[in-house]
Amino acid sequence: MEKAKKGDWVQIKSVELRKEHRGRQIPPDTRNCDLVKWVKGWLIDDARLGDTVEITTITGRRERGELFAIKPGYTHGYGRHVPELTQVQRQLHTFLTQGEE
């Protein structure tokens, strides 16, 4: 099992609310799942994946949860190409380099 050292950038997860405690006003597909919190920060003590750990977040908060990832990257994106935005980019570039005509 992979081991993380004190001070490593890590991601933890914790269950904030079990599904049996979720409100009835929430749609069924959401209500039937636990509410899980994911947080990134610096590990306070050495640990292995799956261990319960404590971290310090970038804002200085201390959070506790299951060590989920060591040195996690960013996996978000900006979605698929939007042709209209390319047209706006071209128009803006022309305006900024050539001015109004």
Side-chain angles (χ1 to χ4, degrees):
M1 179 101 28
E2 194 173 356
K3 188 173 182 182
K5 296 183 180 190
K6 177 181 179 176
D8 279 352
W9 182 251
V10 298
Q11 183 176 34
I12 62 171
K13 72 175 187 175
S14 59
V15 175
E16 294 299 300
L17 192 60
R18 297 268 175 219
K19 63 184 174 183
E20 55 269 13
H21 297 127
R22 307 274 315 248
R24 293 282 167 212
Q25 71 278 17
I26 298 173
D29 58 335
T30 302
R31 187 173 56 235
N32 292 328
C33 299
D34 293 337
L35 177 63
V36 178
K37 177 171 70 173
W38 301 87
V39 184
K40 292 179 183 174
W42 292 277
L43 190 60
I44 293 177
D45 290 309
D46 292 0
R48 295 185 183 279
L49 288 175
D51 288 351
T52 299
V53 299
E54 196 169 355
I55 64 170
T56 302
T57 69
I58 199 161
T59 60
R61 291 186 340 268
R62 286 188 103 149
E63 295 280 345
R64 188 171 180 79
E66 176 189 336
L67 182 57
F68 181 78
I70 302 167
K71 298 178 184 168
Y74 295 95
T75 58
H76 64 280
Y78 296 102
R80 300 183 73 80
H81 175 71
V82 179
E84 293 82 2
L85 292 179
T86 303
Q87 183 61 31
V88 170
Q89 177 190 17
R90 287 179 170 172
Q91 291 171 348
L92 182 59
H93 181 270
T94 300
F95 175 77
L96 291 173
T97 57
Q98 299 173 14
E100 268 186 273
E101 294 183 12

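Hydrogens, waters and symmetry mates play no part in the numbers below; they use all other heavy atoms, side chains included. The structure presented is a predicted model; accordingly, all values stated were derived computationally and were not measured. Nothing fancy with the numbering, it's 1 onward along the sequence.
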Which atom names give the shortest non-hydrogen contact between Glu16 and Ser14, and what distance separates them?
OE2-OG, 2.9 Å
Heavy-atom closest pair, residues Gly65 and Ile12
N-CD1, 3.7 Å
Going through the distances and angles, do Asp46 and Lys6 end up as a salt bridge (Lys or Arg N to Asp or Glu O under 4.0 Å)?
CA-CA 5 Å; Asp46 292 0; Lys6 177 181 179 176; over 6 Å; no
Are Glu84 and Thr86 close enough, and set up right, to give a side-chain hydrogen bond (donor to acceptor under 3.5 Å, both in side chains), and what steps lead you there?
CA-CA 5 Å; Glu84 293 82 2; Thr86 303; over 6 Å; no
Interatomic spacing from [atom1] in [X] to [atom2] in [Y] - rounded to 0.5 Å:
| X | Y | atom1 | atom2 | result |
| --- | --- | --- | --- | --- |
| Ile55 | Gln11 | CD1 | CD | 8.5 Å |
| Ile70 | Lys5 | CD1 | NZ | 11.0 Å |
| Asp8 | Lys3 | CG | NZ | 11.0 Å |
| Arg90 | Leu85 | CZ | CG | 12.5 Å |
| Trp38 | Glu66 | CH2 | CD | 8.0 Å |
| Trp9 | Leu43 | CH2 | CG | 12.0 Å |

Dump the intermediate steps for side-chain contact (heavy atoms from CB on, under 4.5 Å) on Leu17 and Arg22, then the final yes or no.
CA-CA 7 Å; Leu17 192 60; Arg22 307 274 315 248; 3.9 Å; yes
Is the shortest side-chain heavy-atom distance between Trp42 and Thr57 below 4.5 Å?
no
Do Asp45 and Glu54 come within less than 4.5 Å of each other through their side chains, counting heavy atoms only?
no
Cation-pi check, Lys40 to Phe68: give yes when NZ or CZ is under 6.0 Å from the six-membered ring centre and within 45° of the ring axis, no otherwise.
no
Show your working on salt bridge (Lys or Arg N to Asp or Glu O under 4.0 Å) between Arg18 and Glu20 and close with a plain yes or no.
CA-CA 5 Å; Arg18 297 268 175 219; Glu20 55 269 13; 5.1 Å; no
Pair Arg62-Ile44, side-chain contact (heavy atoms from CB on, under 4.5 Å): steps then yes or no:
CA-CA 9 Å; Arg62 286 188 103 149; Ile44 293 177; 2.6 Å; yes
I'd like to know whether CD1 of Ile58 has more than 12 heavy-atom contacts from other residues, nucleotides or ligands below 6.0 angstrom.
no
Are there over 12 heavy-atom neighbours, none belonging to His93, within less than 6.0 Å of that residue's NE2?
no
Taking [X] for its side chain and [Y] for its backbone only, find out whether a donor-acceptor pair lies under 3.5 Å.
| X | Y | value |
| --- | --- | --- |
| Asn32 | Asp29 | no |
| Thr56 | Gly60 | no |
| Asp34 | Lys19 | yes |
| Arg31 | Ile26 | yes |

Say whether Tyr74 and Val10 are linked into one hydrophobic cluster, either directly or through other cluster members, by side-chain heavy-atom distances under 4.5 angstrom.
no
